[in-house]
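A quick write-up on the structure given underneath.
Keep in mind it's a predicted model, so treat the numbers as computed, not measured.
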Amino acid sequence: MGKSISDVGVEDLVGAGLSVEEAKGFQRHLKDSIFKVSRNSDNGEEPFDPKELWRELTAQKLLKPCHPHALHQLIYYSVYHNYDESTNGPPIYWFPSLYQSKNTNLGRLMETHCPKLLGALYKDPIASFRQFHRFSVEQLEVYWSIVLDHLSINFLKAPNCILDTSDKSNHGGKWFPGSVLNIAECCLIPSSCPKKQDDSLAIIWRNEGFDELDVSQMTLRELRERVMLVANALAAKFSKGDAIAIDMPMTATAVIIYLAIVLAGLVVVSIADSFAAQEIATRLRVSTARAVFTQDFILRGGRRVPLYSRVVEAAPYEAIVIPASGKELAVQLRCQDLSWNDFLSSVCILPSSNYFTPAYQPIDSVTNILFSSGTTGEPKAIPWTQHSPIRCAADAWAHIDVQEGDVFCWPTNLGWVMGPILLYSCFLSGGTLALYHGSPLGRGFGKFIQDAGVTVLGTVPSLVKTWKSTGCMNGLNWTKIRTFATTGEASNIDDDLWLSSKAYYSPIIECCGGTELASSYIQGNRLQPQAFAAFSSASMSTSFVILNENGLPYPDDQACIGEVGLFPRYMGATNRLLNADHEEVYFKGMPLYKGMQLRRHGDIVKRTIGGFLIVQGRADDTMNLGGIKVSFVKIVPEFPRTASNKLLRRVLRDQLKQELNIRSKI
C-alpha cells in the first residue's frame with residue numbers, strides 16, 4: 001500500500017537507492033517543501049494539497065534525472081498516497097508556469113490576438129485556454145487564418161476563403177478552396193515566420209555503430225538542392241500524378257526522396273520497411289504504384305535484414321535501390337531495377353540539376369497514399385492531400401510546441417502516419433529533423449538524443465518500457481528535452497514517470513488520432529496541467545461528443561465513458577478512400593448533432609472528473625465469426641501483431657474460426 005509522503009524516512013530513501021548522507025539531505029529538503037506547502041494550504045482537512053506539493057518538488061528540482069527510478073517512484077506515489085481520483089481527477093505531474101505559457105507558440109498567439117478575440121474574458125494563456133479552444137471550434141475561419149500565418153505555407157494562388165460549406169453533401173466542407181501550392185516547396189524555402197534561412201539546420205542524423213562520431217548535418221540549402229536533384233531524375237522517368245512507393249527506413253535519403261516525389265507532382269506510396277512480401281504487394285497493387293524506392297538491406301541492432309529481396313518477391317515493379325551502407329550495393333539487381341547511383345547519374349551531368357520548378361497543384365491534390373494497419377482486413381488506402389501536412393504541422397506547432405530551432409526526433413517510418421507527420425511538423429514549423437539510422441531500442445539511440453541536443457522527443461509506450469527495463473539509457477543526459485510526445489499505444493503511468501524524470505519532469509504530450517485525420521483529435525499541450533497516460537483536451541479547432549449506448553451525447557462537463565463522435569468540419573481529414581466507401585466507413589449510422597452528421601472514429605473514451613480524457617479501447621473490439629458477433633475470453637500464448645504492435649484481428653479471427661470449425665466437426 002505504500003505510505004504517505006510525511007512518513008517517508010531516511011531508511012525509505014536509502015532503500016530507494018540513496019546513500020545515508022544523501023538520504024539525510026534529501027529528507028531535509030523534502031520536509032522543508034512539505035512545511036512550505038502546508039503553510040500555504042487552504043485545505044482544512046489535509047495538511048497540504050498533494051498537487052501543490054508535487055508542483056513544489058518538481059519546481060525545486062529535488063528529484064534529479066540521475067536519481068534511481070525507485071526514488072522517483074517512492075516520492076511520486078507517496079505524495080499521491082491518499083489522493084482520491086474519483087473526486088479529484090487524475091494526479092497531476094506537470095504544471096505550466098505563466099512565464100513558460102507566454103513563450104509557447106499558442107501562448108504567444110493568444111497574447112497577441114485574444115485581447116481582441118475574447119475581449120474582457122481573456123486573462124492569460126493558462127486561465128483562458130479552454131475559452132480560446134472553444135473559440136477555435138466556433139470560429140474555424142478566424143483560427144485557421146491566424147495559424148496559417150505562423151507556418152511556412154507559401155501559396156502560389158491564395159485561397160478564395162478559409163472554409164466553404166455551401167455543398168451540404170460534403171460533411172467536412174471545402175477548406176482553402178481555390179488555393180494552389182506545392183507543400184514540398186513550402187518545406188524547402190526560407191521564410192520569415194517561422195524563421196528559416198538557407199544556413200538553418202534542416203536534418204541531423206547518425207548511423208548506428210558510429211556513436212562516437214559527430215552527428216551529420218544538412219542545411220536547408222543543401223536539403224533543397226538534393227531534393228531538386230532527385231526531382232529532376234524523377235521527372236525524367238515518370239509522369240505527373242504517378243504513384244511512387246517508398247519502402248525503406250526513415251533515413252535522410254528517404255526524406256529527400258519523399259520531398260522530391262511531392263515536389264515533382266508525383267504521389268508517395270508509404271510502405272513500412274517491416275512488412276512481409278505479401279503486405280508490400282497488397283499496397284503496391286492498391287495504389288497502382290509505378291516504382292518503389294528501397295534499400296538492399298536494413299542495418300538494425302548489428303544485423304543485416306534483407307529488404308530488397310522482399311520487394312522483389314512482392315511484385316515485378318521497377319525498384320530503385322539504395323545501399324544501406326557505403327556507395328555500392330550488396331545485392332544483385334534484376335534487369336528492370338536501378339541502383340541509386342545509376343538513377344541519379346542521368347541528371348547529374350545537367351548544368352541545372354540542383355534546380356527544379358515545383359509542380360504547383362490545387363490544395364486538394366493527392367500527395368501521399370498511406371494505409372491503415374490492416375488489423376480488420378485489407379488495409380484502407382488513405383489519400384493525403386496538401387491539406388494534410390498543414391493540419392499535422394499546425395497541431396505539432398500548437399500542442400507539442402515545435403518552435404524555430406527545436407531539434408525534433410521521433411523514431412518512426414515513412415510507412416506509418418507518424419513519418420510524414422514528423423517530417424512536415426519540422427519543416428513547416430522551423431524545427432530541425434533528427435534521425436537515427438538504426439534501432440531505437442539501445443543505448444546508441446539514447447546517445448544520439450544526447451549528442452544531437454534533441455529538444456522534442458517522440459516515443460511509443462513499448463519503446464519507453466524497453467528503455468526503462470533494460471537500463472540502457474542510464475548515465476545519459478537528456479535534460480535538453482523540453483517536451484516529450486507519445487502515441488500508438490496506451491501509456492503506462494510508471495513508464496511515463498521514468499521518461500519524464502529524465503528531463504526534470506518535462507511534459508509528455510499524449511496524442512491520439514488517425515491516418516485519416518492527419519493528426520490527433522485529442523492531445524495534451526503546454527498550457528494545461530498534465531496527468532500521466534491522459535489527454536488534457538481536444539486538439540485545437542476540434543470538437544467531439546461522447547455517446548452513450550443509445551447514441552445520445554453526454555453533457556460536455558460530465559464524467560462518462562462512451563464512443564467518440566467527431567464534429568465533421570475537421571481541417572485535414574479525408575473525404576475519400578481509394579478502396580472503400582468513405583461515407584459508409586466514417587459516417588453511415590452515426591447520429592446527427594446540432595444539424596451535423598457526426599464522423600466515426602471508433603475510440604471508446606473516458607472523460608474523468610476535471611476533464612481529462614483516457615482512451616479505453618475500440619468500439620469495434622468484437623469479432624464477426626460466421627455472421628455472429630462475439631466477444632469472449634480465451635487464453636492464448638501471444639497475440640498476432642503488426643510491426644507497430646497493433647492487434648491483427650484478421651489473423652486472430654481466422655485462427656478462431658479454424659478452431660471453432662474443428663470443434664464443430666468433433
Side-chain angles (χ1 to χ4, degrees), residues 148-149 151-159 175-194 196-198 200 202-203 218-246 252-270 290-291 293 320 343-344 346-348 350-369 383-394 414 419-420 423-430 433 518 572:
L148 281 179
D149 289 338
L151 299 175
S152 181
I153 305 298
N154 184 41
F155 291 108
L156 180 70
K157 182 182 177 184
W175 290 89
F176 315 131
S179 62
V180 176
L181 74 161
N182 185 292
I183 198 66
E185 182 195 41
C186 297
C187 295
L188 296 170
I189 58 176
S191 67
S192 57
C193 185
K196 285 195 309 182
Q197 299 175 329
D198 272 345
S200 298
I203 307 178
M218 187 184 300
T219 65
L220 183 63
R221 179 191 291 109
E222 291 168 336
L223 174 63
R224 182 172 64 248
E225 290 178 350
R226 295 183 195 187
V227 168
M228 289 186 168
L229 173 65
V230 177
N232 274 307
L234 286 164
K237 284 185 63 67
F238 304 106
S239 301
K240 186 176 176 180
D242 282 348
I244 309 295
I246 299 177
T253 300
V255 170
I256 289 167
I257 293 167
Y258 183 103
L259 289 171
I261 292 171
V262 178
L263 193 72
L266 309 176
V267 179
V268 176
V269 178
S270 293
R290 287 279 315 277
F293 284 90
I320 299 155
F343 172 71
L344 295 179
S346 61
V347 294
C348 281
L350 298 177
S352 58
S353 61
N354 289 333
Y355 177 77
F356 184 85
T357 302
Y360 296 105
Q361 302 187 88
I363 194 167
D364 55 2
S365 300
V366 176
T367 61
N368 194 176
I369 299 170
W384 267 27
T385 66
Q386 298 191 92
H387 295 102
S388 311
I390 297 175
R391 177 64 197 226
C392 64
L414 289 169
L423 182 157
Y424 287 119
S425 296
C426 288
F427 297 147
L428 297 180
S429 299
L433 173 62

Handout entry: Residue list, salt bridge (charged side-chain N to carboxylate O under 4.0 Å, His left out) with K237, at least two apart or on another chain
Key = E318

Exercise for the section: For T385, enumerate each residue passing the side-chain hydrogen bond (donor to acceptor under 3.5 Å, both in side chains) test, keeping only those at least two apart in sequence or located in another chain. Expected result: H387

Handout entry: Closest non-hydrogen atom pair, K196 against L188
Key = NZ-N, 4.3 Å

Practice task
Output the distance between atom CZ (F238) and atom CD1 (I244), rounded to the nearest 0.5 Å.
Solution key: 4.0 Å

Practice task
State, to 0.1 Å, how close G572 and A518 come at their nearest heavy-atom pair, and which atoms those are.
Solution key: O-CB, 3.8 Å

Which pairs of donor and acceptor atoms, one on a side chain in residues 257-264, lie under 3.5 Å apart (sequence neighbours left out)?
{"from": "Y258", "atom 1": "OH", "to": "N368", "atom 2": "OD1", "distance (Å)": "2.7"}

Exercise for the section: Using side chain to side chain contact (heavy atoms under 4.5 Å, CB included) as the criterion, list what pairs up with S179, not counting sequence neighbours. Expected result: F155, P159, F176, I363

Handout entry: Set of residues satisfying ring pair (Phe, Tyr, Trp, His ring centres under 6.0 Å) with respect to F293, sequence neighbours excluded
Key = F343

Practice task
Working to the nearest 0.5 Å, report the span between CD1 of I153 and CD of E185.
Solution key: 11.0 Å

Problem - S346: partners by side-chain hydrogen bond (donor to acceptor under 3.5 Å, both in side chains), with sequence neighbours left out - result: none

Handout entry: From I183 atom CD1 to N154 atom CG, the distance as rounded to the nearest 0.5 Å
Key = 9.5 Å

Completion exercise
Output for pair (Y424 OH, C186 SG), nearest 0.5 Å, gives 9.5 Å

Practice task
Output all residues satisfying side chain to side chain contact (heavy atoms under 4.5 Å, CB included) with A245, sequence neighbours left out; order by chain, then residue number.
Solution key: V269, I271, L284, A289, V292

Problem - For G430 against P194, the heavy-atom pair lying closest together - result: N-CG, 3.7 Å

Exercise for the section: Please confirm whether the backbone N or O of L414 pairs with a side-chain atom of S270, one donor and one acceptor, at under 3.5 Å? Expected result: yes

Practice task
Using side chain to side chain contact (heavy atoms under 4.5 Å, CB included) as the criterion, list what pairs up with T357, not counting sequence neighbours.
Solution key: Y355

Completion exercise
Residue pairs passing the side-chain hydrogen bond (donor to acceptor under 3.5 Å, both in side chains) test with at least one member in residues 224-236, sequence neighbours excluded, are D198-R224

Handout entry: Contacts of type side chain to side chain contact (heavy atoms under 4.5 Å, CB included), residue K240, not counting sequence neighbours
Key = A359, Q361

Exercise for the section: Could you tell me which residues satisfy side-chain hydrogen bond (donor to acceptor under 3.5 Å, both in side chains) with D242, sequence neighbours excluded, listed by chain and number? Expected result: R290

Problem - pair L344-V230: side-chain heavy atoms closer than 4.5 Å - result: yes

Handout entry: Value rounded to 0.5 Å, distance of CE in M218 from OG in S200
Key = 14.5 Å

Practice task
Check for a donor-acceptor pair, side chain of S152 on one end and backbone N or O of C187 on the other, with a separation under 3.5 Å.
Solution key: no

Practice task
For the residue pair C348 and L229, establish whether any side-chain heavy-atom pair is separated by less than 4.5 Å.
Solution key: yes

Fill in the blank from the handout: In this structure, CG of L181 is separated from OH of Y360 (nearest 0.5 Å) by 9.5 Å

Handout entry: T367: partners by side-chain hydrogen bond (donor to acceptor under 3.5 Å, both in side chains), with sequence neighbours left out
Key = none

